[in-house]
Protein chains: 2
Amino acid sequence: MAALRSDAARSRARIIDIARTHDRATLRLNEVAREAGVGVGTVYRHFPTVHALVEALSVDTLDAMLATSRRAAAVPDPGEGLALYLRSALTLQLEDGGLQAVLLSPEDEAEAVRTVKREIFETFASLLEAARAAGAIRADLTVGHLAHLVCGIEHAVRLGSPDDLPLLLQVMLDGLKPQPLATYTG
Amino acid sequence: MAALRSDAARSRARIIDIARTHDRATLRLNEVAREAGVGVGTVYRHFPTVHALVEALSVDTLDAMLATSRRAAAVPDPGEGLALYLRSALTLQLEDGGLQAVLLSPEDEAEAVRTVKREIFETFASLLEAARAAGAIRADLTVGHLAHLVCGIEHAVRLGSPDDLPLLLQVMLDGLKPQPLATYTG
DNA sequence: CGTTCAAGCGGATAGGTCATCCGCTTGAGA
DNA sequence: TCTCAAGCGGATGACCTATCCGCTTGAACG
């Protein structure tokens with residue numbers, strides 16, 4: 001990203017500040033422009049699509065997610081490491097309402113986002129591999145399954161209250177373990 | 001619902017037929033009107049909101065859900081009964097893309113829908129109670145938690161492929177069991 | 001049947017949102 | 001100070017939703 005002219009940097013920051021006060025799912029670029037005191041054209045030049053703005057709002061959270069995944073990789077017990085990462089990812093996704101969309105989007109506006117996402121997924125994959133090797137997790141689960149499950153639990157928590165997080169997370173974590181006994185498969 | 005005039009019944013049926021061919025999440029009433037060969041006004045008279053139409057598209061599925069819940073209540077083993085219901089509910093929700101919205105909506109357009117939903121939830125609640133009494137499920141889970149979890153798993157399956165259903169369902173079912181050992185709660 | 005009219009129909013259109021385009025302004029390098 | 005690429009604003013065309021009202025029609029009744 002080339003250095004921005006000072007006025008452009010100011011506009012961009014104002015837009016992001018205002019956008020942060022809005023629900024990510026119902027962002028209206030024209031409304032953000034009005035509240036930020038800039039022209040609509042300015043918003044659309046900085047962020048050609050709503051997704052571009054949502055992405056920009058999530059870069060900090062993405063960095064936090066990467067940091068967490070690396071911290072999790074340093075945990076001696078692979079099962080605990082994976083669990084720590086899953087818990088953190090879920091918490092971050094619940095805090096940042098746009099993160100799920102950014103993580104799942106196949107296209108990224110910003111090159112930096114693409115890079116961080118790749119690094120997160122790579123770390124995530126090695127966490128899973130280690131946990132599997134340690135027999136801490138069902139062998140038939142892929143990184144995709146886990147990512148989708150986290151998004152699913154996020155969805156479930158959003159349908160209820162944040163207070164449900166610990167319980168629903170625990171249900172997921174328990175379900176991920178290799179099951180000792182045959183389970184009903186009707 | 002008072003008996004419809006023959007032309008009104010015909011219009012209504014045409015609208016529903018066409019609407020069934022559309023994605024529930026992106027239904028456009030004007031588009032449905034055009035395709036159904038009726039005026040926009042006719043669509044809006046029969047279905048004042050998109051949700052009213054979505055609801056109408058789901059009445060059959062709701063009936064199936066109620067029937068399934070009663071079948072599940074007749075299963076001798078309470079744990080198996082609950083599992084059967086959860087599996088069926090998830091399958092129905094995946095088949096009917098508008099069902100989750102109908103089930104979760106606090107307001108119902110049609111009185112019949114309100115009634116069926118109440119009966120489903122009542123049966124669901126007694127299935128849970130029986131399973132809990134039999135020690136087949138964690139004691140701290142409510143009907144709300146389970147309903148939200150099913151919606152969460154539905155979400156997870158939709159993010160991937162329908163092939164993921166058996167595995168993700170099993171993860172949920174295993175996680176719902178009372179856990180024999182202490183779990184990592186970091 | 002013919003008559004009557006409530007029920008139903010169609011679609012023009014008012015109102016609202018989105019995103020582009022272009023003439024004006026300004027930061028900053030020379 | 002001069003120059004002009006970069007940035008800005010907002011008018012506006014394109015599109016979408018949902019209402020309203022004058023016209024049409026099914027069906028009840030004598």
Side-chain angles (χ1 to χ4, degrees), chain A residues 1-58 97-98 101-102 105 107-113, chain B residues 1-57 59 97-98 101-102 105 107-113:
Chain A
M1 186 186 303
L4 290 174
R5 231 169 68 169
S6 63
D7 53 346
R10 201 181 321 123
S11 295
R12 193 173 196 280
R14 270 194 206 167
I15 292 165
I16 288 186
D17 283 352
I18 292 295
R20 264 191 220 293
T21 69
H22 288 243
D23 172 29
R24 305 298 211 291
T26 56
L27 267 187
R28 286 107 138 323
L29 263 30
N30 284 38
E31 193 177 346
V32 169
R34 188 169 37 72
E35 289 184 27
V38 303
V40 211
T42 300
V43 173
Y44 278 91
R45 189 166 344 89
H46 283 285
F47 307 102
T49 65
V50 173
H51 185 74
L53 179 50
V54 170
E55 223 178 64
L57 293 173
S58 288
V102 174
S105 170
E107 308 278 297
D108 303 309
E109 295 280 337
E111 176 61 24
V113 168
Chain B
M1 186 185 305
L4 289 175
R5 230 169 69 168
S6 63
D7 54 347
R10 201 181 322 124
S11 294
R12 193 172 196 281
R14 269 194 207 165
I15 292 166
I16 288 186
D17 283 351
I18 291 295
R20 264 190 220 293
T21 70
H22 288 243
D23 172 30
R24 307 294 215 282
T26 56
L27 266 187
R28 282 104 134 324
L29 263 29
N30 285 40
E31 194 178 344
V32 169
R34 189 170 37 73
E35 288 184 26
V38 303
V40 210
T42 301
V43 172
Y44 279 91
R45 189 166 343 89
H46 284 284
F47 307 102
T49 64
V50 173
H51 185 74
L53 179 50
V54 170
E55 224 178 63
L57 292 173
V59 289
V102 174
S105 169
E107 308 277 296
D108 303 308
E109 294 280 337
E111 177 61 24
V113 169

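Proteins get letters first, then strands, A, B, ... in listed order; numbering begins at 1 in each.
Counting to the nearest Å, the P atom of C:dT17 and the CD atom of A:Glu31 are 9 Å from each other. Here C:dG16 presents its C1' atom at 13 Å from CZ of A:Arg34, a figure rounded to the nearest Å. Remark: C1' of D:dG9 and CG of A:Leu29 are 15 Å apart, rounded to the nearest angstrom. Spacing between atom CG of B:Asp7 and atom C1' of C:dG10 amounts to 13 Å, rounded to whole angstrom units. B:Arg10 has its CZ atom 9 Å from the P atom of C:dC9, to the nearest Å. For the pair B:Arg12 CZ and D:dG26 P, the computed distance is 19 Å after rounding to whole Å. Between the C1' atom of D:dC4 and the CZ atom of A:Arg5 lies a distance of 10 Å, rounded to the nearest Å. Rounded to a whole Å, the CG atom of B:Leu4 is 15 Å from the C1' atom of D:dT25.
The side chain of B:Val40 has D:dT19 as its nearest neighbour among C:dC9, D:dT19, C:dT20.
Note that CZ of B:Arg24 and CG of B:Leu53 are 8.5 Å apart. Values are rounded to the nearest 0.5 Å.
Checking side-chain atoms of B:Glu55 against main-chain N and O of B:Ala110 turns up a donor-acceptor pair under 3.5 Å. A distance-only check finds no donor-acceptor pair linking the side chain of A:Ser105 to the backbone of A:Val102 [under 3.5 Å].
The two residues B:Phe47 and B:Ala56 make their nearest non-hydrogen contact at CE2-CB, 3.6 Å.
Within the structure, a side-chain polar atom (N or O) of B:Arg45 is placed less than 4.0 Å from OP1 or OP2 of C:dC9. Considering only side-chain N and O atoms, B:Tyr44 lies under 4.0 angstrom from the phosphate OP1 or OP2 of D:dA18. Of the side-chain N and O atoms in A:Ser11, none sit less than 4.0 angstrom from OP1 or OP2 of D:dG7. Residue A:Thr42 has a polar side-chain atom (N or O) positioned under 4.0 Å from OP1 or OP2 of D:dG9. Side-chain N/O atoms of A:His46 include one lying less than 4.0 angstrom from OP1 or OP2 on D:dC8.
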Please test B:Asp7 against B:Arg10 for side chain to side chain contact (heavy atoms under 4.5 Å, CB included), starting from the C-alpha separation and ending with a verdict.
-> CA-CA 5 Å; B:Asp7 54 347; B:Arg10 201 181 322 124; 4.0 Å; yes
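Comparing B:Arg14 and A:Val50 along DNA chain C, the residue whose closest nucleotide (by nearest heavy atom) sits nearer the 5' end is B:Arg14.
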